[in-house]
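Remember, predicted model here, so these are calculated numbers, not experimental data. All ligand and atom numbering here is 1-based and tracks the order in the structure.
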Amino acid sequence: MPEASPSDTPVAAAHPALTEQPRIAVIGGSGLYSLFDGSDDRVVEVTVPTPFGETSSPITVGRIDGRSVAFLTRHGADHSVAPHRINYRANIWALKSLGVRAIVSSAAVGGVSPDVPPGTLVLTDQFIDRTWGRPDTFFDRGSVQHLAAADPFCPSLHGLAAGALTAAGEVFSSTGTVVVIQGPRFSTRAESVWFRAAGAHTVNMTLVPEVTLAAELNIGTVNLSFVTDADAGLAPSADTPSDETADGTADTSSDSVSADLVFRRLRDAQPRIIRAIEAIVAAIPVDYEPRELIAPAEVERVLAYAVPAAGAVPADGAVPADGAVLADGAVPADGTAVVTGSSDVDAGRLLLVTGGAGFIGSAIVRQARDRGWSVRVLDSLRPDVHAAVPAAAGPAAAVPSAAGPAAAGPAAAGGAPAAGPFDDDPGVEFLLGDVTDPQAVAAALAGVTVVCHQAAKVGLGVDFLDAPDYVASNELGTAILLAGMTRAGIGRLVMASSMVVYGEGSYRRASGTGDTLRPPARQQSDLEAGRFDPVDPATGLALVPALISEDDPLDPRNVYASSKLSQEYLATSWARSTGGRAIALRYHNVYGPGMPQNTPYAGVASLFRSAIERGEAPRVFEDGRQRRDFVHVADVASANLAALDSTATGPDSTFRAFNVGSGTVHTIGDLAEALSRFSGGLAPVVTGEFRLGDVRHITASSERLRSELGWTPSVSFDDGVREFAHAPLRAAVTER
Ligand SMILES: CSC[C@H]1O[C@H](OP(=O)(O)O)[C@H](O)[C@@H]1O
Ligand SMILES: Nc1ncnc2[nH]cnc12
């Protein structure tokens, strides 16, 4: 029992419901869902909100041997949190915030070595990590820290625990290397044999990253494991006398692992395990000081991360306590990134917007910030779109990008933090880098909950020589992003697609009879002769344009279009093979403030606006009667936010495409006329010129987006064009 000392004086509690700081915590593994006597009215239950989301369970604070001790059960009180989905960061951050310095963790383990047969208590002192995709550090943004992990468990707590168990008359193994597997499945026989050959004694699913996260916050951990089973069955070996079966293999089937066996053995052993835990707790001196493996100032910085406002994360469990998916919501507590109290389920969490410095991307970033997200932007600031490029602050060892000509510019920064377009908002982290650069993508994905993929080379382009750049930027970029997401265990994606995947719009026969149909690509000779409208081959009459729906056939007619469709197919394959949820938003004609001007990739609204600004008449191609759906960029951004929300729930392995259009049909001539009128510029000139790759009419039904995601556009054509007539465009790109 510890001697009373001056530092025995209770320390003021960090939580309003507590009168004293618990310096010691017990984390209960399987079978250990409560520690204190329920009838003890001094036991207090607290729910600690964290920057990383919910803890596995509320934390109970009671007394062991006169000491205030916090208890948290790792899988939740009803064992509802699977090992790979435990929100380890939330659990450890919450304990640290209460003042905990020492953790006694309990775990059920399988024995893979004859040294630790079922029934053995083991003081684990080493691990081999076979987990993946778990957010496993507090230092993945802002400041990078590298934990010295040679002895991940605290040697002094280990010594104290060994002494306490010996004094209590326990028989135990004072050393043990655990292999931590991803779970929730158990190991194959081959894996089990391999673990043993690698020198491991036990196997478990939860000790990593729990112990290293605790160490990152300078909390010492001692682990008490109970061997419940012989894993896949001990492999025969020279030093193992085994019961042999007829075919000569070892018969350890009675101890082979099953969940039932684990829970049964834990139940039987529970009094012994609790006695051992109590003995260890009692042996920890009140003045125990953990190792300072990380500079205290860095730990303080993590502790100072802003906690989402109450209500930002529903308490009803709508957001699972899921470290792997919820990932990083941590933001510096400088007041700038604190959640505004929105009821957004993802508020405070980290959203990656690729291409977030672009016209549409930056509108998404702004709306996401308004909704309480933390946002990271990965953007290469392509010189063919972005006029002014800040100097890269990244490493000199540039990682070349495959994005073709554009890569010669700032894209080579490899995902380094850089001065960028969001410098006025510390809640936005800007990384200069290209989605075709796997290292930049890996850096950008760290700690991310959901990805909004806007980075792309857009527009009809100059000529076919643009093809490699379209394919590299859009197809290869998406493949690299999806591979990175798979590696990082991120399962939610919203991506920018385009109406161009349909090719020509949808039409009906003049008679109104029959299904909708799709005319073939227009002929040069027809266009030269001013025959712009597709005709019904059967009657020679002009076809009547109809709204296109997501189930209409896909018919990409240029390289840009095929690259967008390929992005959709990649996302479909990714969702199918990883269990992810992907949404593609097929944008119709987006316009609004911040549109890039005078590039071959700019939309028609920007070309008209630029002409008017130069004092020229907007030049309208064909006869100006081409029908389009002009949708304001703010509405496109809100569609993205609705789509991002919807990926938080619903079935896994899904891909769904949605049109994004205003629902009102206008002609290109209407747009030119309205822009001239609202800006007081020259009236448009209808030139009869044409581009072979253009389609005649294409207008969207956005019914699916409205009915399934509850989205409605908020900017009317008149209001939007009036504003756009005077709104700033993105700076002009000059030759470099
Ligand atoms: C049926 S095994 C369940 C569970 O138990 C073990 O660990 P812990 O005691 O930390 O919960 C195992 O690794 C699994 O996580
Ligand atoms: N055999 C085993 N493998 C992984 N985790 C376990 N927990 C208890 N037994 C286990």
* To do: Could you tell me the separation between the CD1 atom of Ile64 and the CD1 atom of Ile284, rounded to the nearest 0.5 Å?
  =>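 It is 9.5 Å, given to the nearest 0.5 Å.
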
* Atom pair CD (Glu300) and CD (Glu298), whose distance is rounded to the nearest 0.5 Å ->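 It is 10.5 Å, given to the nearest 0.5 Å.
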
* **Close approach of Ser187 to ligand 2, heavy atoms, under 4.0 angstrom** =>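 Under 4.0 Å: no for Ser187.
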
Can you check whether [Y]'s main-chain N or O pairs, donor with acceptor, with [X]'s side chain at less than 3.5 Å?
X: Thr137; Y: Phe139; value: yes
X: Asn204; Y: Ala108; value: yes
X: Asn223; Y: Phe153; value: no
X: Asn87; Y: Phe52; value: yes
X: Ser57; Y: Leu72; value: no

Do [Y] and [X] meet the salt-bridge criterion of a basic N to acidic O distance under 4.0 Å?
X: Arg275; Y: Glu170; value: no
X: Lys96; Y: Glu216; value: no
X: Arg134; Y: Asp136; value: no

Quick one: nearest non-hydrogen protein atom to [atom], plus distance?
atom: atom 9 (O) of ligand 1; result: Ala108 N, 2.7 Å
atom: atom 14 (C) of ligand 1; result: Met205 SD, 3.7 Å
atom: atom 7 (N) of ligand 2; result: Ala108 O, 3.2 Å
atom: atom 3 (C) of ligand 1; result: Ser30 OG, 3.4 Å
atom: atom 9 (N) of ligand 2; result: Asp229 OD2, 2.6 Å
atom: atom 11 (O) of ligand 1; result: His75 NE2, 2.3 Å
atom: atom 1 (C) of ligand 1; result: Phe186 CZ, 3.6 Å
atom: atom 6 (C) of ligand 2; result: Val203 O, 3.7 Å
atom: atom 7 (O) of ligand 1; result: Asn204 ND2, 3.0 Å
atom: atom 5 (N) of ligand 2; result: Asn204 CA, 3.4 Å

Show me which atoms of ligand 2 lie under 4.0 Å from any heavy atom of [X].
X: Gly110; value: 1 (N), 2 (C), 6 (C), 8 (C), 9 (N), 10 (C)
X: Asp231; value: 1 (N), 2 (C), 3 (N)
X: Thr228; value: 8 (C), 9 (N)
X: Phe186; value: 1 (N), 2 (C), 3 (N), 4 (C), 6 (C), 10 (C)

* Atoms of ligand 1 close to Thr206 [distance to a heavy atom under 4.0 angstrom, numbered from 1] ->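 What qualifies from ligand 1 is 7 (O), 8 (P), 10 (O), 15 (O).
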
* To do: Using a strict cut-off of 4.0 Å, indicate which atoms of ligand 1 neighbour a heavy atom of Arg74.
  =>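 Counting atoms of ligand 1 from 1, those under 4.0 Å from Arg74 are 8 (P), 9 (O), 10 (O).
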
* Proximity of Pro83 to ligand 1 by residue part, where a heavy atom lies under 4.0 Å ->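 Side chain only; the backbone of Pro83 stays clear of ligand 1.
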
* Asked: Would you find more than 12 non-hydrogen atoms of other residues, nucleotides or ligands less than 6.0 Å from Arg487 atom CZ?
  ->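 Count not over threshold, so no.
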
* Does an N or O from Val257, backbone or side chain, lie closer than 3.5 Å to an N or O of ligand 2? ->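 There is no such contact.
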
* Asked: Arg130: what forms a side-chain hydrogen bond (donor to acceptor under 3.5 Å, both in side chains) with it, not counting sequence neighbours?
  ->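 Result, side-chain hydrogen bond (donor to acceptor under 3.5 Å, both in side chains) vs Arg130: none returned.
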
